[in-house]
Amino acid sequence: MGAKTGFLVYADGDVPGLLREAGTADLARTASMMRLLYPGWEIEESAGSTLWNGVYPPEGTAYAASWPGIEVIGDQRVMIDFPSQLPDQLVAASAGRRLVLHAMHSVVDWLAFAVWEDGRLVRSLSLSPDSGIIENIGEPLSFELPYWAGDRPADVIPWPDEDEEPYPLPFHPLELGEDALRTLCGFVREGHPEPDDIDTDSIRLHGFRVRDPRGPDPAEREAALQRAMEAMGPPRFFSLGLDGSLIERDGL
């Protein structure tokens, strides 16, 4: 799976402390939370997961749990370049509480995280080597300071036969992402575990299929993709001639 996350946490206090006390999440309570966060959406119960896998669920699926004082929801829809643009109903649900968004994708070295206090955004950061700093709102949190000070430079090994060029950011987003994850939520996806890290495999999340009735139907989208692939016709193969021209040939 790699370092991939896309989830929210709503908490009345310290997130790691509340997660360590989490027991079995009530299904009815969790389903009620889902209806609040996705008003008017089609929500259907499906197989659940653990917090370890649930922070990056399959597309169209949400893994969630609601306990007294804390709620967690994993959904790829919150993996947005600008965390400040999180849908209003998701932010409104954080009134009187802390809201944490954490999202990262190892394929493109992208990281985004944000923290709201009582519905007010206090920190948001989104960046990747290809796009640079996409969003940077609020003062850096304490765990970020060594990165911005240059104490945690990116250590990237180039591919064979590739010219070594400076990493386009002063630090590696995924390294900061793991520190953000541990500090804000009490666990990591990769790296060396610490004794106090939360055992995410022991925390169960309920599963839900979630669909916006105003959006495209997944079956229709799949059918449209299949039609487009069929309209492309059979693949064509070419080789490079001695004069530099492309010569079409049969098969591989």
Side-chain angles (χ1 to χ4, degrees), residues 1 4-80 83 85-103 112-121 181-182 184-189 197-219 221:
M1 177 179 293
K4 299 177 184 178
T5 65
F7 72 104
L8 303 173
V9 181
Y10 298 87
D12 292 346
D14 174 61
V15 172
L18 289 166
L19 280 178
R20 289 188 183 95
E21 299 173 0
T24 302
D26 181 73
L27 176 58
R29 179 189 179 107
T30 303
S32 177
M33 176 194 72
M34 292 294 296
R35 290 191 293 271
L36 173 67
L37 297 181
Y38 297 89
W41 288 40
E42 297 175 3
I43 301 173
E44 179 184 354
E45 185 182 350
S46 63
S49 183
T50 65
L51 183 59
W52 173 253
N53 288 316
V55 295
Y56 185 73
E59 184 179 359
T61 295
Y63 293 127
S66 177
W67 303 275
I70 187 166
E71 297 172 322
V72 175
I73 174 167
D75 189 342
Q76 287 192 31
R77 296 178 184 89
V78 306
M79 299 176 71
I80 54 179
Q85 297 178 10
L86 191 69
D88 291 342
Q89 81 274 9
L90 297 179
V91 176
S94 69
R97 301 190 288 174
R98 162 174 278 207
L99 168 59
V100 174
L101 178 153
H102 193 281
F113 69 87
V115 179
W116 290 258
E117 300 287 359
D118 192 17
R120 180 177 66 90
L121 180 66
L181 191 55
R182 174 175 279 138
L184 298 174
C185 300
F187 61 93
V188 293
R189 292 292 298 157
D197 286 350
I198 293 169
D199 179 9
T200 52
D201 264 335
S202 68
I203 298 178
R204 297 294 305 177
L205 306 180
H206 297 290
F208 301 90
R209 295 289 298 173
V210 182
R211 190 179 77 84
D212 183 354
R214 298 161 296 183
D217 182 81
R221 185 173 58 183

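Atoms considered below: every heavy atom in the structure, side chains included; atoms not considered: hydrogens, waters and symmetry mates.
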(request) Any chance you could lay out the side-chain contact (heavy atoms from CB on, under 4.5 Å) test for T5 and F113, step after step, and finish with the verdict? (result) CA-CA 10 Å; T5 65; F113 69 87; over 6 Å; no

(message) Quick one, R97 with L99, criterion side-chain contact (heavy atoms from CB on, under 4.5 Å). Give me CA distance, side-chain angles, the key distance, then yes/no.
(response) CA-CA 7 Å; R97 301 190 288 174; L99 168 59; over 6 Å; no

(message) As an exercise, state the distance from CG of L181 to CZ of F7, rounded to the nearest 0.5 Å.
(response) 5.0 Å

(request) Quick one: pull up CZ in F208 and CG in L27 and give me the separation to the nearest 0.5 Å. (result) 5.5 Å

Has the side chain of [X] got a donor or acceptor atom that lies under 3.5 Å from a matching backbone atom of [Y]?
| X | Y | result |
| --- | --- | --- |
| Y10 | I73 | no |
| H206 | A31 | no |
| Q76 | P57 | yes |
| T50 | I203 | no |

How close do [X] and [Y] get, counting heavy atoms only, and between which atoms?
| X | Y | result |
| --- | --- | --- |
| R98 | V15 | CD-CG2, 4.4 Å |
| L18 | A11 | CD1-CB, 3.9 Å |
| M34 | A62 | CE-CB, 3.8 Å |
| L19 | L51 | CD1-CD2, 4.4 Å |
| T61 | S46 | CG2-OG, 4.5 Å |
| G119 | W116 | O-CD1, 3.9 Å |

(message) Taking the six-membered ring of W41 as reference, does the cationic atom of R35 (NZ for Lys, CZ for Arg) lie under 6.0 Å from its centre and within 45° of its axis?
(response) no

(request) With the side chain counted from C-beta on, respond yes when P58 and Y63 share a heavy-atom pair under 4.5 Å apart, and no when they do not. (result) yes

(message) Under a 3.5 Å threshold, yes or no: a donor from one side chain and an acceptor from the other, between R29 and S66?
(response) yes

(message) Which residue is it: L86, L37, V55, V72? I am looking for the one with a side chain to side chain contact (heavy atoms under 4.5 Å, CB included) to L8.
(response) L86

